[in-house]
Amino acid sequence: MMTSQAGAEILVEKVGNAGVITLNRPKALNALNMNMIRLMYPQLKKWETDKETDIVIVKGAGGKAFCAGGDIIAVTEAGKIGDALAKNFFREEYILNNTIGTYQKPYVALIDGITMGGGVGLSVHGRFRVATEKTLFAMPETAIGLFPDVGGGYFLPRLQGQLGLFLALTGFRLKGRDVQRAGVASHFVESQKIAALEKELVDLKTPSIEDVSRVLDSYQKRSSLDAEKPFVLEQHIDLIDKLFQSNSVEGIVHNLKTDGSPFAQKQAETLAKMSPTSLKITFKQLQAGGAMSLQEVLVMEYRLSQACMVKGSDFYEGVRAVLVDKDHSPKWSPSTLKEVSEQSVEDCFSSLGDRDLKL
């Protein structure tokens, strides 16, 4: 058994034939920083070809979060002064997301707690994602002048109906069993059973995908918590499919306002607070992503990330309003959907030439 040094931001253990990675910044809700990405990537690559490693398990320390997102404040500070971190963070994060998405061995993310943004990228592309009643999932990027990246353009359009677009534009939060019902998690297991589940997974001898599936299924069957509660969006799902079916964000806003139901009104109010540029970029990202491979999506999202760092001010303003000053009063520029030109959105998707992401 090997463990990385105490105080490390990533703990790496070999337990039997299992590789276990623990995200270890509990005070920062395990938010993903550059150092963590640079520790995690080579470790996953090594285990993928190591004959002594049959399964990889990823979890978060501290009991509150799997990973609440990326270290966005550091990235925006770097972007303001033209520091390379603004380019490298997204580049290396997306390469890590792709490694998880193409992993050749069973990869199990125990998303017990807050799982947002960067944390979604570390879990959702893996084969197994285990939610608990403590899981809180959201992609809240349109509120900070960004877009649901880390491969959001790949997995969101593949959820049922217009659910992914709804989650992407509004940043709606899903909790517990609903994370699995929406298709974001593959399994739901009660939090108190996670330690036993992990032990059983670690004890498997040269497990196949089917073996891991069987163990997870059996734990899910024994987890009855909230089973009788309906999916939080169940009564709205048909409405979401109808109202979010449009060829523009303005069309969606129009649908919501004309519908007039309390649910529709609430979503219209939510969208009115988001960055208009982010909403338009996100809409186009998901429209395109539905027909792309994960690799194509990540290349596209890298272009978008650099456009948000360089071309616009909304990302800096959103981070200031939500994460730094916390006044929650961002001044978006442009401030209305109407003022966001199609050309300015189109430009964000342009090739970066030799600076494009290579996977």
Side-chain angles (χ1 to χ4, degrees), residues 9 23 25-26 28-37 40 58-60 62 64-79 85-86 88-98 100-101 109 111-126 129 131 135-156 159 164-175 179 182 184-185 274-275 278-279 281-282 285-286 289 294 297-298 300-302 304-306 308-309 314-316 318-324 326 330:
E9 295 178 322
L23 309 174
R25 291 181 73 207
L29 299 176
N30 301 322
L32 189 65
N33 63 21
M34 194 59 151
N35 185 42
M36 293 161 80
I37 293 168
M40 202 169 164
V58 182
K59 58 183 182 172
K64 281 190 179 169
F66 168 68
C67 170
D71 193 355
I72 290 297
I73 295 175
V75 175
T76 49
E77 289 306 315
L85 177 69
N88 296 342
F89 180 83
F90 290 104
R91 185 184 296 279
E92 295 184 37
E93 183 182 23
Y94 296 177
I95 290 170
L96 177 59
N97 299 150
N98 184 55
I100 293 164
I111 55 171
D112 182 23
I114 300 165
T115 304
M116 295 186 187
V120 176
L122 297 182
S123 54
V124 80
H125 306 299
R129 295 92 57 201
T135 304
L136 173 63
F137 161 90
M139 293 298 273
E141 288 82 2
T142 57
I144 56 164
L146 201 59
F147 58 94
D149 67 331
V150 298
Y154 181 76
F155 84 87
L156 289 163
L159 300 179
L165 183 60
F166 165 75
L167 295 172
L169 294 177
T170 63
F172 187 89
R173 296 173 166 211
L174 291 170
K175 295 176 186 157
V179 179
V184 175
M274 305 306 188
S275 153
S278 287
L279 291 175
I281 286 174
T282 299
Q285 170 204 4
L286 264 65
L294 175 60
V297 165
L298 290 168
M300 166 177 75
E301 291 181 357
Y302 184 70
L304 296 176
S305 76
Q306 297 312 293
C308 289
M309 299 297 306
D314 277 6
F315 183 34
Y316 299 99
V319 169
R320 180 206 65 73
V322 175
L323 301 173
V324 181
K326 299 186 178 166

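Quick caveat: nothing in here was measured; it's all calculated off a predicted structure.
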Participant: Any side-chain heavy atom of Leu29 within less than 4.5 Å of one from Lys64?
Facilitator: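 Result yes, sub-4.5 Å side-chain heavy-atom pair found.
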Participant: Parallel, tilted or perpendicular, judged at 30° and 60°: which one describes the rings of Tyr302 and Tyr94?
Facilitator: perpendicular
Participant: Hey, what do you get for CD (Glu141) to CE (Met116), rounding to the nearest 0.5 Å?
Facilitator: 9.5 Å
Participant: Determine yes or no for a side-chain-to-main-chain donor-acceptor pair under 3.5 angstrom, with Gln285 supplying the side chain and Pro148 the backbone.
Facilitator: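 A pair under 3.5 Å: yes.
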Participant: Is any side-chain heavy atom of Val120 closer than 4.5 Å to one of Phe155?
Facilitator: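 The answer is yes; the side chains approach within 4.5 Å.
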Participant: Ignoring hydrogens, what is the shortest heavy-atom contact between Ala78 and Ala86? Give both atom names and the distance.
Facilitator: CB-N, 4.0 Å
Participant: List the atom of Val75, the atom of Met309, and the distance in Å for their closest heavy-atom pair.
Facilitator: O-CE, 3.5 Å
Participant: Search all heavy atoms of Val184 against all heavy atoms of Arg129 and return the closest pair with its distance.
Facilitator: O-NE, 3.0 Å
Participant: Nearest 0.5 Å please: distance from the CD atom of Glu93 over to the CG atom of Leu298.
Facilitator: 9.5 Å
Participant: Does some side-chain heavy atom of Phe137 sit less than 4.5 Å from a side-chain heavy atom of Leu167?
Facilitator: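 When only atoms from C-beta onward are counted, Phe137 and Leu167 do touch, with a gap below 4.5 Å.
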Participant: Measuring from Leu136:CG to Thr115:OG1, what's the distance to the nearest 0.5 Å?
Facilitator: 8.0 Å
Participant: Between Asn30 and Arg25, is there a donor-acceptor pair closer than 3.5 Å when you use the side chain of the first and the backbone of the second?
Facilitator: yes
Participant: Drop me the distance from Ile100's CD1 to Leu122's CG, to the nearest 0.5 angstrom.
Facilitator: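 Spacing of CD1 (Ile100) from CG (Leu122) equals 5.0 Å.
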Participant: Pick one: which of Leu279, Leu304, Leu286, Thr142 meets side-chain contact (heavy atoms from CB on, under 4.5 Å) with Phe147?
Facilitator: Leu304
Participant: Please answer whether the main-chain N or O of Glu301 pairs with a side-chain N or O of Asp149 as donor and acceptor at a distance below 3.5 Å.
Facilitator: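 A pair under 3.5 Å: no.
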Participant: With sequence neighbours excluded, tell me which residues meet side chain to side chain contact (heavy atoms under 4.5 Å, CB included) with Ile73.
Facilitator: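 In terms of side chain to side chain contact (heavy atoms under 4.5 Å, CB included), with neighbours along the sequence ignored, Ile73 is linked to Glu77, Val319, Leu323, Val324.
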Participant: Nearest 0.5 Å please: distance from the CZ atom of Phe315 over to the CD1 atom of Ile72.
Facilitator: 4.0 Å
Participant: Whether the side chain of Thr170 engages the backbone of Ala168 through a donor-acceptor N/O pair (distance < 3.5 Å, no angle test) should be reported.
Facilitator: no
Participant: Do Asn88 and Met34 make a side-chain contact, defined as non-hydrogen atoms from C-beta onward lying under 4.5 Å apart?
Facilitator: yes
Participant: What closest approach, in Å, do Thr282 and Leu146 show between heavy atoms, and which atom pair accounts for it?
Facilitator: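 Thr282 and Leu146 have their closest heavy atoms at OG1-O, 4.3 Å.
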Participant: Working to the nearest 0.5 Å, report the span between CD of Glu9 and CG of Leu23.
Facilitator: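 Answer rounded to 0.5 Å: 10.5 Å.
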Participant: Determine whether Phe66 and Thr135 make a side-chain contact, defined as any pair of heavy atoms from C-beta on separated by less than 4.5 Å.
Facilitator: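 Answer no - side chains too far apart.
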Participant: How far apart are the closest heavy atoms of Ala109 and Ser123, and which atoms are they?
Facilitator: CB-CB, 3.6 Å
Participant: Kindly give the heavy-atom pair with the smallest separation between Thr76 and Tyr316, and that separation in Å.
Facilitator: O-CE2, 3.3 Å
